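Below you'll find the structure, written out as structure tokens, and then a few comments.
Note that the structure is predicted; figures quoted are calculated from it, not measured.
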Amino acid sequence: LQIYHFNTIVMKRFYFLVTCSVFMGAITTGFAQDYTYYNNIAKEEYDKKNYLNVIDNASRSLNAYPNGAAYLYRGMGRYGLNNYEDAAGDFGSAISYYSSDNTSLGNLYYWRAICRYQQKKYKESLTDFESSRYYGYEDKLSIYWDMAYANYSLEEYDKATDFYTQAMNYTSDNSNLARLYKGRGDCKHEQFKEEEAIKDYTKATEYDSNYSDAYRARGLSRVLNFQNDLAGADYTSVINILEKENKKENETDLAVLYSDRGEIHWLRSRNDEALADFKISLSLNPISGFANRKMGDVLYSLKDYKAASKYYLQALSLFTKDLDKEIVYKDLSECSRNMLDYAQAVIYISEAIKLYPGYGSYYSARGQIYYAKRDYKTSLDDYNKAFAYYEDHKDFIIKIYGDNMYKNTRMLLYINRAMVKKRLQDNTGALADFKKATEEDSTSANAWYHLGRFYKQVLKQNGPALASLQ
């Protein structure tokens, strides 16, 4: 998560501004005693953090005589109670009383900007931040930092990057610099510039070697940059930092980190290390659907399909989103299929299809199961549905996965459908599909092998068989 810089010193400056700017603007002595009295009480109550009393006395002051100091103090009190909407209104009202005081205007626009910032009204906050800069707001670090995160939140990553860079020029504090580099790295990450993000995250860890968020962010960028071993090292660094803190509230983060590192071990085929990490993750958070599912993946890799199914079923009971559930149903189907329980495999994959109707990969998977059950007509029907999906979504699939992946998928579908047609004694249809497989991917030895074998074993045509096998 982004952490923005919050300057607590600015409020103290208001006291000086109130004394020098507002009270000098009193018009009649008849009103001065009443409203200044309430303003002084409001100031005292603010020092004690009695924000309700601040608001009450500031409102009394305004009832006695409208004045900028009272609006200012009431805004401060409301801000202290997280009532940012009304606080922004009070700071806006105070602005009209300081039209000739640039220093006061700079501070007031900044604080109204902060109110809008806290409400996630980032566009409005940026307008006020710009006004604050125009009137010479002094705390450059705070304003550039805040403007950086506001732009980040609006997905204006280039602008955010520029403001983070400018903010760096106004601090020599290692902790601040670490967080600024982390923020700039987040902008690069959102733009898929992982190499640049990694450089900024690395700078962040150099300025603060215990900055767990920077290690964690760098780990994610390294995963996306196919640097899994380095990513695993980053997750280990975060784990070590959090375990050293020995805080109960870190357990949730540790559960996720062990799970993330376990997945990296699994991707690197280090199943023993993966199992150890997922066991720790689940001991910290046994109701994590993701960790249960990934434990199932590891056990599936170890061909312990019964144990894998147990964890997949647990994940299924925990997930609430259809996207997560459909994937688990697919995993359960594969476990059942490998245990030769084809009836259950069909049930699970059919549930996945209900959640994602028309998805070609699921129809293809069910077609294979029906083939294993020797229900060739139903298998053929599913393969035809799979072809329809890939044809309808051709442009999207090529855009996401590339033309080679699209052709390879269709090549395998042609081979599988040809095998079904052969079982149905539709040799003409089978031959057509085997030929289409070679046309779809002329470099596939698998496609040529199946065509040659069909010529030789079924059609008894040795010449074409030899040519294909060669």
Side-chain angles (χ1 to χ4, degrees), residues 259 262-263 265-267 269-272 274-275 277-279 281-282 286-390 408-410 412-424 446 450:
S259 181
E263 184 172 18
H265 285 314
W266 175 66
L267 290 171
S269 299
R270 296 193 289 258
N271 290 320
D272 289 340
L275 275 177
D277 274 351
F278 284 122
K279 284 180 180 178
S281 176
L282 288 170
I287 60 172
S288 166
F290 179 81
N292 275 284
R293 185 197 161 206
K294 297 311 297 183
M295 177 67 97
D297 287 344
V298 177
L299 292 166
Y300 183 93
S301 298
L302 295 170
K303 299 183 178 181
D304 189 347
Y305 304 119
K306 185 176 182 180
S309 294
K310 173 187 172 184
Y311 283 99
Y312 286 143
L313 286 168
Q314 179 68 6
L316 189 63
S317 71
L318 295 167
F319 283 135
T320 58
K321 295 180 180 179
D322 286 349
L323 177 60
D324 293 322
K325 289 182 178 181
E326 77 178 58
I327 294 171
V328 177
Y329 276 123
K330 181 266 297 179
D331 295 334
L332 282 165
S333 178
E334 291 179 0
C335 285
S336 296
R337 180 184 169 192
N338 280 297
M339 291 188 289
L340 306 183
D341 187 352
Y342 299 126
Q344 189 62 57
V346 167
I347 291 172
Y348 283 138
I349 198 63
S350 296
E351 288 298 318
I353 290 172
K354 287 179 184 177
L355 294 172
Y356 192 173
Y359 184 41
S361 180
Y362 293 163
Y363 281 118
S364 177
R366 194 169 67 178
Q368 293 176 40
I369 299 169
Y370 278 124
Y371 181 88
K373 290 184 67 178
R374 300 183 182 182
D375 185 348
Y376 303 123
K377 288 184 179 180
T378 308
S379 176
L380 180 61
D381 183 56
D382 273 343
Y383 280 124
N384 288 336
K385 290 176 181 177
F387 268 110
Y389 171 84
Y390 286 107
N408 182 260
T409 300
R410 283 172 57 85
L412 292 173
L413 278 174
Y414 276 123
I415 292 174
N416 288 339
R417 191 171 70 175
M419 298 290 287
V420 175
K421 289 179 178 179
K422 185 178 77 169
R423 291 290 185 177
L424 291 170
N446 188 31
H450 279 286

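- Salt-bridge annotation for E334 and R337: absent, with no side-chain N of the basic residue lying under 4.0 Å from a carboxylate O of the acidic one.
- Distance CZ/F290 to CG/L318: 13.5 Å, rounded to 0.5 Å.
- Salt-bridge annotation for D322 and K325: absent, with no side-chain N of the basic residue lying under 4.0 Å from a carboxylate O of the acidic one.
- Between the side chains of Y359 and E326, no donor-acceptor pair is found at a separation under 3.5 Å.
- Residues S361 and Y390 have side chains in contact (heavy-atom distance under 4.5 Å, counting atoms from C-beta outward).
- With S379 contributing its side chain and D375 its backbone, the two residues share no donor-acceptor pair below 3.5 Å.
- Looking at heavy atoms from C-beta onward, D382 lies in side-chain contact with K385 at the 4.5 angstrom threshold.
- For L413 against A386, the heavy-atom pair with the smallest separation is CD2-CB, 4.1 Å.
- Considering all non-hydrogen atoms of both residues, M339 and K306 come closest at SD-N, 3.9 Å.
- Counting only heavy atoms from C-beta outward, the side chains of L275 and L299 approach each other to under 4.5 Å.
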After noting the C-alpha distance and the side-chain angles of I327 and R293, does the key distance pass the side-chain contact (heavy atoms from CB on, under 4.5 Å) rule?
CA-CA 10 Å; I327 294 171; R293 185 197 161 206; 3.0 Å; yes

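- No donor-acceptor pair closer than 3.5 Å links the side chain of S336 to the backbone N or O of S333.
- Side-chain atoms of S364 never come within 3.5 Å of backbone atoms of G360 as a donor-acceptor pair (strictly under, hydrogens ignored).
- Closest approach of S259 and S281 over heavy atoms only: CB-OG, 3.5 Å.
- For L282 against S288, the heavy-atom pair with the smallest separation is CD2-O, 4.3 Å.
- Residue Y383 holds its OH atom at 9.5 Å from CE of M419, rounded to the nearest 0.5 Å.
- Two residues are said to be in side-chain contact when any heavy atoms from C-beta on lie closer than 4.5 Å; K294 and Y311 fail this criterion.
- Residue I287 places its CD1 atom among 12 or fewer non-hydrogen atoms of other residues, nucleotides or ligands, all under 6.0 Å distant.
- Just one residue in the list I347, I349, L355, I353 forms a side-chain contact (heavy atoms from CB on, under 4.5 Å) with Y329, and that residue is L355.
- Judged by distance alone, the side chains of Y414 and R410 do bring a donor and an acceptor atom under 3.5 Å apart.
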Y363/F387 under ring pair (Phe, Tyr, Trp, His ring centres under 6.0 Å): CA gap, chis, key distance, verdict
CA-CA 9 Å; Y363 281 118; F387 268 110; over 10 Å; no

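- Rounded to the nearest 0.5 angstrom, L412 CG and N446 CG are separated by 6.5 Å.
- Within a 6.0 Å radius of NZ in K373, more than 12 heavy atoms belonging to other residues, nucleotides or ligands are found.
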Going through the distances and angles, do F278 and H265 end up as a side-chain contact (heavy atoms from CB on, under 4.5 Å)?
CA-CA 10 Å; F278 284 122; H265 285 314; over 6 Å; no

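- Contact between A308 and C335 at its shortest, heavy atoms only, is CB-SG, 3.9 Å.
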Could you walk me through whether D381 and K377 pass the salt bridge (charged side-chain N to carboxylate O under 4.0 Å, His left out) test, one step at a time?
CA-CA 6 Å; D381 183 56; K377 288 184 179 180; over 6 Å; no

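- Between Y376 and Y370, the distance from one ring center to the other does not fall under 6.0 angstrom.
- Counting heavy atoms from C-beta outward, N416 and Y371 have side chains that stay 4.5 Å or more apart.
- Residues Y300 and D331 are not in side-chain contact: their nearest non-hydrogen atoms beyond the backbone lie 4.5 Å or more apart.
- Closest approach of S301 to W266, counting heavy atoms only: OG-NE1, 2.8 Å.
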Could you check R374 against R423 for side-chain contact (heavy atoms from CB on, under 4.5 Å), going step by step and ending with a plain yes or no?
CA-CA 9 Å; R374 300 183 182 182; R423 291 290 185 177; over 6 Å; no

Might you work through the side-chain contact (heavy atoms from CB on, under 4.5 Å) test for D297 and Y312, ending with a clear yes or no?
CA-CA 8 Å; D297 287 344; Y312 286 143; 2.6 Å; yes

